[in-house]
Amino acid sequence: MTAEIVVLPTQQAVAEALADRTAAALRAALEQKNRVTLCLTGGSTPVPAYRRLAEAEAIEWDRVHVFWGDERCVPPDHDESNYAMAARTLLGPAGVPETNVHKMPGACPQAEGAAVYEQALEQFFGDDLWFDVLHLGMGDDGHTASLFPGTDALSVTDRRVTPGLAPPSAAVRERLTLTFPTLQRAGLCLMAVAGAAKRDAFSDVLDAYDGEAEGPPAARVRVEGDLIWLVDHDLAQGLADENDD
Ligand code: 6PG
């Protein structure tokens, strides 16, 4: 796997690149396959990207199936729900058919929710789980999806979905998250990260890439396809070569 780092001037440019690269990848996949899969992330960074993606040209959303990399253990209409954010910004505006939306069961008790989504992935993919496009973000502690530093979820390799636990500072601590082996099954992983508050975590990621340390969970993501970091200048200033997108 190679990890490419694209440094963009602003957080808005990161959102535009996330949307535009996703649209291009979905269109390319739709030319090759009858149905394609998109795995969304949560948080605030993707919000403008998802609004832009909803307006993208020539995406046959009736052939795109949507999944999530993680979810907070709250009902789907809760302010903290990753599904609710996507429904508001992308799924509704783009007209993604309900039958194509495979949300994580955040309203279930955590262990039950993990088992339910495990079953849902099994039912849809069988043994051949594959995300044509995977979105991930990173927190200022270096977590990605809901794989938080120092938690049991980091070492789960025999399941596709597992309970995650956010730190006490998080609005919602109990989470559901895909595991590292599951995230690996992606053709294109776009990691959209912006803001100076995450600079230390991003520096730790770069050190991990240089083999100097294990690094935070975000540094441990490996995919079978391409992994591209879309970062803004505030995050990468002085850390990574600037280049144009
Ligand atoms: C979540 C996300 C999480 C997110 C990071 C960054 O459920 O919160 O999946 O991994 O990507 O926490 O969030 P921001 O984009 O809000 O900084």
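Residue indices begin at 1 and follow the sequence shown. For ligands, and for the atoms within them, numbers begin at 1 and follow the listed sequence.
Residue contact check: Thr41 has heavy atoms under 4.0 Å from atoms 2 (C), 9 (O), 11 (O) of ligand 1. Short contacts between ligand 1 and Ala145, defined as distances under 4.0 Å to a heavy atom of the residue, involve ligand atoms 3 (C), 9 (O), 10 (O). Near Asp70, the atoms of ligand 1 lying under 4.0 angstrom from a non-hydrogen atom of the residue are 1 (C), 2 (C), 7 (O), 9 (O). Listed by atom number, the atoms of ligand 1 under 4.0 Å from Asn82 heavy atoms are 1 (C), 7 (O). Those atoms of ligand 1 with a heavy atom of Ser44 less than 4.0 angstrom away are 14 (P), 15 (O), 16 (O). Counting atoms of ligand 1 from 1 in the listed order, those under 4.0 Å from a heavy atom of Gly137 are 11 (O).
The residues Asp20 and Arg52 are annotated as salt-bridged, a charged nitrogen and a carboxylate oxygen being separated by less than 4.0 angstrom. A salt bridge does not link Asp234 to Lys198: none of the charged side-chain nitrogens sits closer than 4.0 Å to a carboxylate oxygen. A salt bridge links Arg160 to Glu122: one of the charged nitrogens lies within less than 4.0 Å of a carboxylate oxygen.
A donor-acceptor contact shorter than 3.5 Å is absent between the side chain of Asp141 and the backbone of Pro149.
Comparing His143, Arg72, Gln11, His135 against atom 5 (C) of ligand 1, the shortest heavy-atom distance belongs to His143.
An N or O contact shorter than 3.5 Å links Gly42 to ligand 1 by distance.
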